[in-house]
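What follows is one structure encoded as structure tokens, with my remarks underneath.
Remember, it's a predicted structure, so these values are computed and weren't measured experimentally. Order of the sequence lines fixes the chain letters, A, B, ..., with proteins taken first and strands second; residue numbering starts at 1 for each chain.
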Number of protein chains: 2
Amino acid sequence: MPAYKTRAQYVADDLRRRILAGEFPGGTQLRQDALAQDYDVSRIPVREALLALESEGLVEFHPHRGAFTTELSVAKIRELFELRVLLETYILRQAIEHLTDQDLDKAEDILLKYDEALNSGGQIDNWSEYNFAFHEALYAPADLPETLALISQLNTKSDRYIRMQLLYTQEIEKAEQEHHGLLALARERQAEAACELLKKHIHEACEGIVSVLEKPVT
Amino acid sequence: MPAYKTRAQYVADDLRRRILAGEFPGGTQLRQDALAQDYDVSRIPVREALLALESEGLVEFHPHRGAFTTELSVAKIRELFELRVLLETYILRQAIEHLTDQDLDKAEDILLKYDEALNSGGQIDNWSEYNFAFHEALYAPADLPETLALISQLNTKSDRYIRMQLLYTQEIEKAEQEHHGLLALARERQAEAACELLKKHIHEACEGIVSVLEKPVT
DNA sequence: AGTCTCTGGTTTGTATACAATGTGCAAAAA
DNA sequence: TTTTTGCACATTGTATACAAACCAGAGACT
């Protein structure tokens, strides 16, 4: 438990990672005792971690019956992605109004670093983090922390499903191209065009997920 | 603790009510031991309740230092209300597309019940609940549960400040009139006009709060 | 056979006890 | 006087122990 303030936070972070990585399919029961043994702590910090994940929408508590990983229906996934379109185009518009060249350079740094990682090995393990880091860098100049927090929340909720879609590396390359496109449009302060591309970007991700969900692996 | 599944949930609900009622001004430290004695429970359910409220944005934990009620800056309040405009106009548009007459009647019921309560005594204690119940009834036909949950979350966060504004009963009457207006426009399926009114409705509430915050009671 | 009730075991929810961290004050050093 | 160090206390974080709720299966009843 390297350098964490509390055990509960460490468990929460690691458990989130495991859930998002798909270790626990939707609907599996998370037994407090088992997790406590896993992390070599008592059930108290485990419970607190599970409560934190509940508020993030990754887990659901049924009183006296325990915690279960949540499962999103196709309808809810579509709903989440529509919300993302709404909020992210809103914040992008605000961001473009306030962008400085330094902001753009920061975003580009992240992008290039990931391009390298892609070419030199194809580690897509932490794609989600890179992906959100890029978007966040692009959105940060809007200076709307509450909005950004909400967007982050929505991203976490859909992350588990995004990974399913990313099994196909060609999807990643397309997404990466669109990221470059977004950055270019932001540089030119083409707010409307950028928002259109972002909308397309998010919709594509959504459709990718839905198509995987509806035709399970054969 | 009448008919609650768990003590933690009871404490969370009651504590939320107390915080929203303004019993603990922003920045107050919430001592676990004191609350435990208040509710005659141990500190464990109190901690879990505080964690739940943290995820709602009403409380902040500082590791090993405890939980404090949050305080929103004017900038953040404005941000929250802009988010509400964005999300609530979005859901209202969807709702109006699917509205049935029964939906409208349900919303009207809530409105009339509150009108009565207003005339017969002026209990504004639970105005927030009535207010949200009406909006919820209006939004429900959109059938977007995730979106509605997010809206509910934003409302909770701003509730504490709304009460400040509502000290002036004339504000309530104005809001109530606008509710009737919203309902009428919804009946006529005038989506755009309804959204405009809603936007105005939310903005007015925001400005009311900000003006109270910036000129403290004299 | 099918339904119902009871009971033992399992798991969660909470109380109590202990450990670890942070805070404030007092005494020592500059 | 001002700053620093150390210690006692208060409060949080967590382990352990216990109580209460759920569940599964066996036997009783129709």
As a test of reading the structure: which of C/dT12, D/dA15, C/dA15 is closest to the side chain of B/Pro45, going by heavy atoms?
C/dA15

Between [atom2] on [N] and [atom1] on [X], what's the gap in Å once rounded to a whole number?
X       : N      : atom1 : atom2 : value
B/His62 : C/dG22 : NE2   : P     : 13 Å
B/Glu48 : D/dT14 : CD    : P     : 13 Å
B/Leu51 : D/dG13 : CG    : C1'   : 11 Å
A/Tyr4  : C/dT21 : OH    : C1'   : 19 Å
A/Asp33 : C/dG9  : CG    : C1'   : 14 Å
B/Glu54 : D/dT12 : CD    : C1'   : 14 Å
A/Leu35 : C/dT11 : CG    : C1'   : 13 Å
B/Leu30 : D/dG13 : CG    : C1'   : 17 Å

Think B/Gln32 has a side-chain N or O under 4.0 angstrom from the OP1 or OP2 of D/dG13?
yes

OP1 or OP2 of C/dG22 versus the side-chain N and O atoms of B/Arg65: is any pair under 4.0 Å?
no

Aromatic plane relationship, B/His179 with B/Trp127 - under 30° parallel, 30 to 60° tilted, over 60° perpendicular
parallel

Do you know which of B/Leu92, B/Leu138, B/Val85 makes side chain to side chain contact (heavy atoms under 4.5 Å, CB included) with B/Leu198?
B/Leu92

Atom CD of B/Glu82 and atom NZ of B/Lys199: how far apart are they, to the nearest 0.5 Å?
8.0 Å

Starting at CD of B/Glu129, measure out to CG of B/Asn155 and round the result to the nearest 0.5 Å.
12.5 Å

Electrostatic pair A/Arg160:A/Glu23 at N-O distance under 4.0 angstrom:
no

List every contact pair, protein side and nucleotides 16-21 of chain D side both N or O, where the distance is under 3.5 Å.
none

Summary of salt bridge (Lys or Arg N to Asp or Glu O under 4.0 Å) pairs that have at least one residue in residues 54-74 of chain A, sequence neighbours excluded
A/Arg16-A/Glu56

Report yes if the side chains of A/Tyr39 and A/Arg7 come closer than 4.5 Å at any heavy-atom pair, otherwise no.
no

